[in-house]
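Just so it is clear, the values below take in all heavy atoms, side chains as well, and ignore hydrogens, waters and symmetry mates. Proteins get letters first, then strands, A, B, ... in listed order; numbering begins at 1 in each.
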Amino acid sequence: MGLRDEQGMMAIGVALMLIVVLALFGGTLWQYSMAELKRVERTEQDIQALFLARAGAEIVMAAWLEESVGEKPAGVMERIYYNRDSGHFQLTEPSDYLGYVDVVVSIIDDPQDSLRDGLTQIVATSVVDGVSRTATATTYPHLFGHDPSLAWYSERYGTIQMSNAFAEEPVIMRTDNRASNNPLHVDNTLPGESEVVTVQFEAPAIVFESPMILGHNIGSGRNGRVNVVVCAETIFFDEVIVSNLPSSKPFIITYPDRIYSVILKVPDGMGILGFEIGAEDPTAKYGTVYFDHGTVSKQNYSWGFLGGISKKVLEVLKVKNTSKNLAKGAFYFKDDTDLSNLAADSLIPIPDSESRSNPFKGTGTFVWE
Amino acid sequence: MKGVTDSESGFTLLEVVVAIAIITMLTVAFAPLIVSSVQRIQWAGTRMQELYTLRSEMEKSLASESYAKTSPEVSTHKQMPNLRVWSGGSNTGIEGLVVRVGDFVSFLPKGRGD
């Protein structure tokens, strides 16, 4: 074999090597580019799924905030789809949709973690083209009125206690329904006989998730007057019943007052002024109160001839000089409003257009996890 | 100086031309693959940057209702008055904005985010 032949063989070898090198280089580049494309596609779907999950959680959160206590969403929600054609979220499966979200609302049951136990959690899981993402929102760990730092009432029995503590964050008033069905009420643990006792709950916002029935045990309870002052800029009530048993002297014995009232106050430095809401008194201070339950009333009792309680009349509480019930209503309340003795300008209905969730702005009702 | 310059051994012009032709053919054969791959990689990089920009824009829109309404990057925002996800309760509709930035969609309830 001559030199030229050897060079020819070498040229073929070089050409083959070039083919291999180019093929390897091209193939690697192609694979890398395809992997990059896949990564972009996956990232896009991942972000789409994340925002869709957040949308689902936001939708259910909005429903949760709007609903009153006892009627709030719980358990598995309807599946939510995003319809590409209409650009709307909907509950029926559309022909062309971006993805869907499944949302579950639950109460955290974790006695080991006292900060999280009892909080509401919204878990939204979305799926976009097979890519799944989850968004979780949990109610801010609010204080409870029965927490030792406040001790406004007994969690187990619902009895209201004397306490000077006030809170600088929203407070939830919830008795332990697992232990008893007692509402928040006044019993003989409050001191004094035939005297005026004032108990005050003070916080920026107070949410009653349990009923407050002050005359719960009036037949066997203490004498005297008890004013329960709820001092907050925003108040959400569940069922409220105040009681009235004025003193009587039917014979030679005098029967004392047993009067329980709820007084609404606005904390110092908070609230809105009357002129902002068109109130008669432009300088008066107002807060907002929501009566979420169907019962807001006063029980009027009277003493019997021999001392027993002879008469009980349930009086539905209404806005003074109107036929509007307080129950299921939303109002601006004037500072120092006594629910059992309403003045004409004590309560001003809040327009329906105002969202219930507005008072929660900035209070961190839910936090994303 | 003898050696490299005086040597008679080497490639003929024809061989060199053929070799260049082969190399050119091979390169041309692989060029589309290489060029399209490079283009795809470049596009992927640009798209990834876009996605992060859109994501940031979306976060801003969700953080502020007024921003969501006015931002030119938000292509659509619609009221959604009658979505009921919960059969219990008062069945109140849910109002808010459907916020759409690029291919991302989310929801901002009325009265929140400002």
Side-chain angles (χ1 to χ4, degrees), chain A residues 3-4 7-8 11 14-15 18-19 22-23 25-34 36-37 39-40 43-44 47-48 50-52 54-56 58-68 71-74 77-78 80 82 84 87-91 98-99 103 105 354-355 357-358 360-361, chain B residues 9-12 15 18-19 22-23 26-27 29-34 36-45 47-48 51-52 54-55 58-59 62 76 78 80 83-96 98-114:
Chain A
L3 180 62
R4 283 174 188 275
Q7 282 178 339
V14 168
L18 200 66
I19 290 172
L22 281 171
F25 180 68
T28 308
L29 214 57
W30 182 79
Q31 269 199 330
Y32 179 70
S33 70
M34 293 309 284
E36 279 294 289
L37 285 186
R39 194 165 72 95
V40 168
T43 303
E44 187 169 0
I47 300 174
Q48 281 175 336
L50 172 69
F51 284 119
L52 207 57
R54 279 181 59 171
E58 286 278 11
I59 288 166
V60 174
M61 205 186 294
W64 193 92
L65 288 169
E66 286 298 321
E67 292 292 353
S68 55
E71 295 184 333
K72 292 189 182 295
M77 302 292 108
E78 302 269 351
I80 305 165
Y82 178 72
R84 275 195 233 252
H88 280 278
F89 289 95
Q90 62 185 65
L91 303 180
L98 177 72
V103 188
V105 182
E354 287 285 320
S355 168
S357 57
N358 278 348
F360 283 109
K361 271 185 188 175
Chain B
S9 65
F11 300 109
T12 64
E15 284 169 340
V18 169
I22 289 171
I23 291 169
L26 284 174
T27 308
F30 281 98
L33 180 70
I34 293 166
S36 67
S37 297
V38 169
Q39 281 176 341
R40 270 202 294 267
I41 291 166
Q42 281 178 337
W43 180 87
R47 180 68 183 149
M48 201 62 115
L51 288 180
Y52 286 120
L54 290 174
R55 179 182 179 153
M58 188 73 169
E59 295 281 4
L62 291 176
T76 58
K78 297 175 181 177
M80 193 181 56
L83 189 74
R84 292 166 182 173
V85 291
W86 165 239
S87 55
S90 60
N91 256 350
T92 312
I94 297 156
E95 287 188 68
V98 176
V99 181
R100 184 172 177 157
V101 179
D103 289 334
F104 304 145
V105 179
S106 199
F107 180 73
L108 183 64
K110 185 184 175 189
R112 292 265 304 285
D114 268 330

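Inter-residue side-chain proximity for B:P109 and A:M61 is flagged as unmet; no heavy-atom pair is nearer than 4.5 Å.
Residues A:Y82 and A:G87 share a closest heavy-atom pair of OH-CA, 3.3 Å.
Residues passing the side chain to side chain donor-acceptor pair (under 3.5 Å) test with B:R40 are A:S33, sequence neighbours excluded. Partners of B:Q39 by side chain to side chain donor-acceptor pair (under 3.5 Å), not counting sequence neighbours: none found.
Heavy atoms of B:L33 lying under 4.5 Å from chain A belong exclusively to its side chain. Interface residue A:I19: backbone and side-chain heavy atoms are both found under 4.5 Å from chain B.
Top candidate by heavy-atom pairs under 4.5 Å with chain B, chosen from A:L98, A:L18, A:L29, is A:L29. Taking chain B as the reference chain and counting heavy-atom pairs below 4.5 Å, the highest number among A:R84, A:R54, A:Q31 is found for A:R54.
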